[in-house]
Amino acid sequence: MGRFQVVGATVVDGSGRDPADVTVAVEDGRIAQPGASGERLEADGLTMTPGLIDAHAHLGLSSPIEPQFSFRLSAAEIAADIFATAGAALDAGFTTVRDTGGIDGGVVTAIAKGKVRGPRVLSCGPVQCQTGGHGYYGAEWEPTELWSSHHIPGLYALSMQSGNANELRGNVREAFRRGASFLKLCVTGGVVSAHDQLTDTQFTVEEIAVAVQEAAARNTYVTVHAHNNEGIRNAVEAGVRCVEHGTDLDEPTAALMAARGVALVPTFAVVEQLLRDSAGTGLNESIRDRVLGVRERMAEALAVAKEAGLRIGLGSDLIGPGQDRRGEELRLRAELETPMEALVAATKTNAEILGLSGEVGLIAPGRQADFVLWNGNPLDNPQLFSDRDNAVVVVQAGRIVKDLR
């Protein structure tokens, strides 16, 4: 379709305004002013939202985790799982994802060229980790320098290890060489960790600032994996733009983030995934014990962040082969906020955090024509977001990439 018009849908434009029954026109891949010309796409009874954005995705971790890390899966199988997850994300209504660690540049290129189905992907490439910190899954006996042999160039690269600021500078430059469009550092321990605790802090302010400097030189930014307040404060002092997770965020730290304009991306769906079936992700069952209490603390942190006036995005952080319910993140957020607030976080706010606010995130003239037609109204029933079959039509950059009508 060169030019077409969507007629009959209830439109929720992503701005937070009330839904409206309006005609939406698409021309040359962008939202256009409605007119008399163009084919008609009948959407009676359906609800239109902007294409959803997942600000914390791990396409490269689409296989069972520990078998993938320990050379028990072929490159072919890992690739098949990555591309299947990418297609499933698109089918669930996610037209854009920010991949926060796991894929190498070749995956981004393959999807962008249309060789496989998938959302628009922004990627940090390999995550930047302190030697032996979160993101390192080698055995204790394995020399650090062997970790990069776990990578499959062009396909999969989970993390790079740095023992000091100079090594970090070299590694972030390597990440950009391999196609990264932003950087991610781990500045605290993690839930899915092999060698640390949530209370650990990782990298110094001075080390984090090196990554910020290198990102700024390329007109981009740093986001950080962070669960505890000391790690968050270190990152904010160093100049990062965004914090992922923020599980134990307190009021003084939230105030510091607000003063520096730092965004937060909470991640609830992965917590539910790990509580429900940690073994299904290909991880040791002991991970389940580490996640107990995290959801409640993250919910408290969300309330603290809202009170502080932070910009709050939305990310699923799903890992392993069970990534077919990506929209579960909106349902979980709708329970803690309102369905409209969850939708705005997944569209307008996420576009701002990703640096795409002029392109996606809203249904408005001039924006790229990324939108979803839902079977029912997810503002009345957020459970609709959880099942990708409820995304009846998905349009990405003006192309109909899914149509179940």
Side-chain angles (χ1 to χ4, degrees), residues 56 58 60-61 65-66 69 99-102 104 123-151 156-178 180 182-216 220-249 253 262 265 267 283 287 290 294 317 319:
H56 195 118
H58 289 293
L61 305 183
I65 302 295
E66 289 181 1
F69 293 162
D99 194 282
T100 51
D104 212 353
S123 170
C124 70
V127 179
Q128 304 302 319
C129 300
Q130 177 178 292
T131 301
H134 182 64
Y136 174 70
Y137 294 94
E140 287 84 353
W141 52 262
E142 180 181 317
T144 299
E145 59 268 21
L146 294 184
W147 176 243
S148 62
S149 66
H150 292 259
H151 296 181
Y156 156 70
L158 178 65
S159 63
M160 303 176 79
Q161 308 291 301
S162 300
N164 55 53
N166 285 337
E167 289 181 6
L168 180 62
R169 191 181 298 277
N171 282 340
V172 301
R173 289 177 175 175
E174 174 68 7
F176 281 125
R177 184 197 69 77
R178 288 159 68 164
F182 67 98
L183 296 175
K184 179 189 171 187
L185 274 63
C186 294
V187 301
T188 75
V191 172
V192 183
S193 277
H195 306 288
D196 58 36
Q197 303 296 322
L198 287 176
T199 51
D200 292 356
T201 58
Q202 297 169 5
F203 285 129
T204 65
V205 174
E206 293 74 21
E207 288 169 331
I208 301 167
V210 166
V212 171
Q213 181 186 40
E214 292 293 329
T220 188
Y221 67 97
V222 175
T223 191
V224 293
H225 157 106
H227 287 280
N228 67 59
N229 287 291
E230 185 176 355
I232 295 172
R233 288 194 296 270
N234 287 345
V236 174
E237 290 290 351
V240 308
R241 187 188 296 178
C242 188
V243 170
E244 313 294 311
H245 314 303
T247 300
D248 291 314
L249 181 68
T253 307
V262 178
V265 177
T267 54
L283 290 165
I287 293 295
R290 298 177 65 128
V294 168
D317 194 21
I319 55 176

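Positions are given from 1, in the same order as the sequence printed here.
- Of all the heavy atoms in L183 and A211, the pair that sits closest is CD1-O, 3.6 Å.
- With rounding to the nearest 0.5 Å, the separation of NE2 in H150 from CG in L158 is 10.0 Å.
- With sequence neighbours excluded, the residues satisfying ring-ring contact (aromatic ring centres under 6.0 Å, His included) with H56 are H58, H245.
- Across all their heavy atoms, V265 and C242 have their closest contact at CG2-SG, 3.7 Å.
- Taking 4.5 Å as the limit, some side-chain heavy atom of L168 sits within range of a side-chain heavy atom of L185.
- A salt bridge (charged side-chain N to carboxylate O under 4.0 Å, His left out) check over residues 223-245, counting only residues at least two apart or in different chains, returns the pairs R98-E244, E237-R260.
- Between the side chain of N229 and the backbone N or O of D248 there is at least one donor-acceptor pair closer than 3.5 Å.
- Annotation: ring-ring contact (aromatic ring centres under 6.0 Å, His included) contacts of F176 (sequence neighbours excluded): none.
- Evaluation of the side-chain hydrogen bond (donor to acceptor under 3.5 Å, both in side chains) rule for Q197 yields no partner, not counting sequence neighbours.
- Every residue two or more places apart in sequence or in another chain was checked for a side-chain hydrogen bond (donor to acceptor under 3.5 Å, both in side chains) with H195, and none qualifies.
- Using bins of under 30°, 30° to 60° and over 60° for the plane-to-plane angle, the ring pair Y156/H151 lands in the perpendicular bin.
- Under the rule for a side chain to side chain contact (heavy atoms under 4.5 Å, CB included), the partners of Q202 that lie at least two apart in sequence or sit in another chain are Q130, H134, C186, D196, D200.
- Between the W147 side chain and the T131 main chain, no donor and acceptor come within less than 3.5 Å of each other.
- Every residue two or more places apart in sequence or in another chain that forms a side chain to side chain contact (heavy atoms under 4.5 Å, CB included) with A238 is listed here: V205, I208, A209.
- Here the straight-line distance linking atom CG of N171 with atom CG of N166 works out to 11.0 Å at 0.5 Å rounding.
- Qualifying side chain to side chain contact (heavy atoms under 4.5 Å, CB included) partners for R169, counting only residues two or more places apart in sequence or in other chains: R173, V210, Q213, E214.
- If you take CG on N234 and CZ on F203, they are separated by 12.0 Å, rounding to the nearest 0.5 Å.
- The minimum heavy-atom distance linking G135 with Q161 is given by the pair O-NE2, 4.3 Å.
- For the atom pair OG1 (T201) and CD1 (I232), the distance works out to 12.0 Å, reported to the nearest 0.5 Å.
- E174 is linked by a salt bridge (Lys or Arg N to Asp or Glu O under 4.0 Å) to R177, R178, counting only residues two or more places apart in sequence or in another chain.
- Taking both residues in full, the closest heavy atoms of A226 and V187 are given as CB-CG2, 3.6 Å, listed atom of the first, atom of the second, then distance.
- Within the 3.5 Å criterion, the main-chain N or O of V243 finds no donor-acceptor partner in the side chain of H225.
- No donor-acceptor pair closer than 3.5 Å links the side chain of S123 to the backbone N or O of A180.
- Between V127 and G101 the shortest heavy-atom distance is CG2-CA, 3.5 Å.
- By the 4.5 Å heavy-atom criterion applied to side chains, T247 and L198 are not counted as neighbours.
- Between H227 and G190 the shortest heavy-atom distance is CD2-CA, 4.0 Å.
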